[in-house]
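Quick notes on the structure that follows.
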2 protein chains.
Amino acid sequence: MTTTAARPLPRGTDRRHERRRQTIEEIVDVAVAVMRENGAAGLSLGEVARRVGIRTPSLYVYFASKNALYDAVFARGWQQLLDTMDAARAELGQPTDLTDYLTTAAETIVRWAVDNATSAQLMFWRPVPDYEPAPDAYAPAVRMLERSRESFLQVEAAGLFRPGVDVDEALRTWTVLTSGVFTQQMANAPHEPFETGRFTTAIPRVVEMYVAVYGRPATPARGGRSHADQR
Amino acid sequence: MTTTAARPLPRGTDRRHERRRQTIEEIVDVAVAVMRENGAAGLSLGEVARRVGIRTPSLYVYFASKNALYDAVFARGWQQLLDTMDAARAELGQPTDLTDYLTTAAETIVRWAVDNATSAQLMFWRPVPDYEPAPDAYAPAVRMLERSRESFLQVEAAGLFRPGVDVDEALRTWTVLTSGVFTQQMANAPHEPFETGRFTTAIPRVVEMYVAVYGRPATPARGGRSHADQR
DNA sequence: GTCTATATGACGATAGAC
DNA sequence: GTCTATCGTCATATAGAC
C-alpha cells in the first residue's frame, strides 16, 4: 500500500479501452458490495478478486493499490451525488420558494446517502485508517461544493434569503443540517429506509428551522400571523 | 474475535482488585491512543500490548476479545460525556433562558467530542466493521439519553418550549444538530480546535435556528417585533 | 492480461509451562 | 498473571511464466 496513483492506460484499440473501462466499473461495483458487508474499512482485495472471478494480482493491472480503489469509490460516489443533485435542481427549475427548494435538496442528498450508505460513509466520515483521498479523487467533491454555492447564490438573487445573509456561512450551516440527519440515521438506525427513518422524516422540521433564521421574513398577512403559526 | 464478554473478576484481596482495575484503565488509555493514531478501526492488540509493556496474550487476562476492549472504550466515553454534561447542568442550575441553556449544552457536548475525537467517532459513528456495542457497554449511552430527556422535560416544565411541543421529537431534532456540528468539524477540519473551528463556531447560529422553531415565541414587545428581528 | 508462486508480514486467539 | 510458542488465517504486493 505504497502507491496511490491509478495505472496508466495501456495503448491499444478503442475496443480494448472500452473493455478495460467496463472491467474497472465492475471492480468498483464489487468493492462497494464488499464494503457494504464488511464495513468501509473491511475492504479486502482478495475478496474483491474472488467475486470478480480473477486472482488478486490481476487487480493490480487496473488499480495501483488498495487506496487507488478507495479513490475510485470515493470519486464515483461524489460524481453520482453531484449528478443526482443536478437532476433534482433541473427538475425544480428556478428557486421560487425557499422551503420547497431546501426540502427537495435535503431529501435528495439524504436519500442518496441512505441508499448508498457505504459510499456515503467513506465520503462524509473518515472511517478508513491510512486512507486520504488523492487530489484527483477529490475533484468531484470540490465540484459538488461549488455547484451548491452557485445554487445558493441563485437563491439569494431570487430574494429568498434574509437581506444581508452571508451565503458561505449559510451554506456551511446547511451542510451541518444535512450531515446531521444522515449521521444520526446511519449511526442509530441504519436499516430504516429513507421514507420511514426516524431522522430522515425530520427533514421538514430541519428545513423549517433553517428557513426561520435564513429565510426572508414573510410579509405579515392580514392578522399578523408569523411563521411561528405555520405548524 | 468470537467472545465479547468481559473477563470475570478473579477473587482476591482488595489490593489485587485495585491493581487489576488500574491495569485495565491503563490498557484502555493506550487503546485510545492507538486508535487516535491509526483510526478507530486500526486498533491492534499487538500494538497495545507493546506499549503497555506486556505480551499480547496477557491482554486476554483483562479483556476477553478485541471487541471487549472496544466496549470498554465505548462505555468509558459515554460515561465521561455523561459526567461532563451533569457537571455543566449542575453549574447552570434550573433552566431559565432557552438560548443560554441550549448553547451551553451544545458547547459542552461538542467540545468534549472534539477534544476526545477518537472515542467520539466510535460513539457517534459506526466506523468499525464487526463491532457492535454489547448491551453492558450501551448502558451509559442509554443513561445519557435518559438524562437528556429529563433535562428537556425540565425545560418544558419551565415553559421555555413552545406550547404543545413533542419533547421526544424535540430531543431527536436536537441530536441531529449536535451530531451535525461534530461530524462536519471532524470530517472536514479535524485539527481545528473547538474555539476556532469553522463548524463549532456555528453553534450560536444552530441554537438560534432551534429556538426559532421549538422555543416559546417571545411575547411581542411594543411595536410587534418578531423573533426574526433578533439578529 | 492473466496466471502461479511467493515474499513478507500482520493479525486475533489459544495452549500450556512457570 | 505472565510468559513462550504456535495455530490458522488473512492481507498487500511483486516476480516472472504463459
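Atoms considered below: every heavy atom in the structure, side chains included; atoms not considered: hydrogens, waters and symmetry mates. In what follows, every chain begins at residue 1, and chains take the letters A, B, ... in the order their sequences are listed.
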Measuring from the side chain of [X] (C-beta onward, heavy atoms only), which nucleotide among [options] has the closest atom?
{"X": "B:Arg20", "options": "D:dG1, C:dG12, C:dT4", "value": "D:dG1"}
{"X": "A:Arg50", "options": "D:dT4, D:dA11, C:dC11", "value": "D:dA11"}
{"X": "A:Pro57", "options": "C:dC3, C:dA15, D:dT12", "value": "C:dC3"}
{"X": "A:Tyr62", "options": "D:dC3, C:dT2, D:dT12", "value": "C:dT2"}

Open item on the list: Evaluate B:Glu47 against B:Thr56 for side-chain contact (heavy atoms from CB on, under 4.5 Å), listing each step before the verdict.
Closed with: CA-CA 8 Å; B:Glu47 183 62 26; B:Thr56 308; over 6 Å; no

For the pair made of [atom1] in [X] and [atom2] in [N], what is the distance, rounded to whole Å?
{"X": "A:Ile27", "N": "C:dT2", "atom1": "CD1", "atom2": "C1'", "value": "12 Å"}
{"X": "B:Arg55", "N": "C:dT14", "atom1": "CZ", "atom2": "C1'", "value": "17 Å"}
{"X": "B:Lys66", "N": "C:dC11", "atom1": "NZ", "atom2": "P", "value": "8 Å"}
{"X": "B:Leu45", "N": "C:dG12", "atom1": "CG", "atom2": "P", "value": "4 Å"}
{"X": "A:Glu47", "N": "D:dT12", "atom1": "CD", "atom2": "P", "value": "11 Å"}
{"X": "A:Phe63", "N": "D:dT14", "atom1": "CZ", "atom2": "P", "value": "16 Å"}
{"X": "B:Gln22", "N": "D:dG1", "atom1": "CD", "atom2": "C1'", "value": "16 Å"}

Open item on the list: Does D:dG1 have OP1 or OP2 under 4.0 Å away from a side-chain N or O of B:Ser58?
Closed with: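 For B:Ser58, the contact criterion (side-chain N or O under 4.0 Å from OP1 or OP2 of D:dG1) is not met.
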
TODO: Verify the contact: side-chain N or O of A:Tyr60 to OP1 or OP2 of D:dA15, cut-off strictly under 4.0 Å; return yes or no.
DONE: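 Negative; the distance criterion is not met.
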
Open item on the list: Using a strict threshold of under 4.0 Å (side-chain N to carboxylate O), is an ion pair present between B:Arg51 and B:Asp29?
Closed with: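 Salt bridge between B:Asp29 and B:Arg51, a charged N being under 4.0 Å from a carboxylate O: no.
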
Open item on the list: Taking any heavy-atom pair under 4.0 Å as a contact, classify A:Leu69: base, sugar-phosphate, or nothing.
Closed with: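 No contact.
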
TODO: Describe, in one word, how the ring planes of B:Phe152 and B:Trp174 are oriented to each other, choosing from parallel (under 30°), tilted (30 to 60°) and perpendicular (over 60°).
DONE: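 Tilted: the ring planes of B:Phe152 and B:Trp174 meet at 30° to 60°.
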
Open item on the list: Which label fits A:Tyr138 and A:Phe74: parallel for a plane angle under 30°, tilted from 30 to 60°, or perpendicular past 60°?
Closed with: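 Ring orientation, 0 to 90° scale: perpendicular.
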
Open item on the list: Go nucleotide by nucleotide along DNA chain D from the 5' end; which of B:Val61 and A:Gly46 gets its closest nucleotide reached first?
Closed with: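 By nearest-heavy-atom nucleotide position, the 5'-most residue is B:Val61.
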
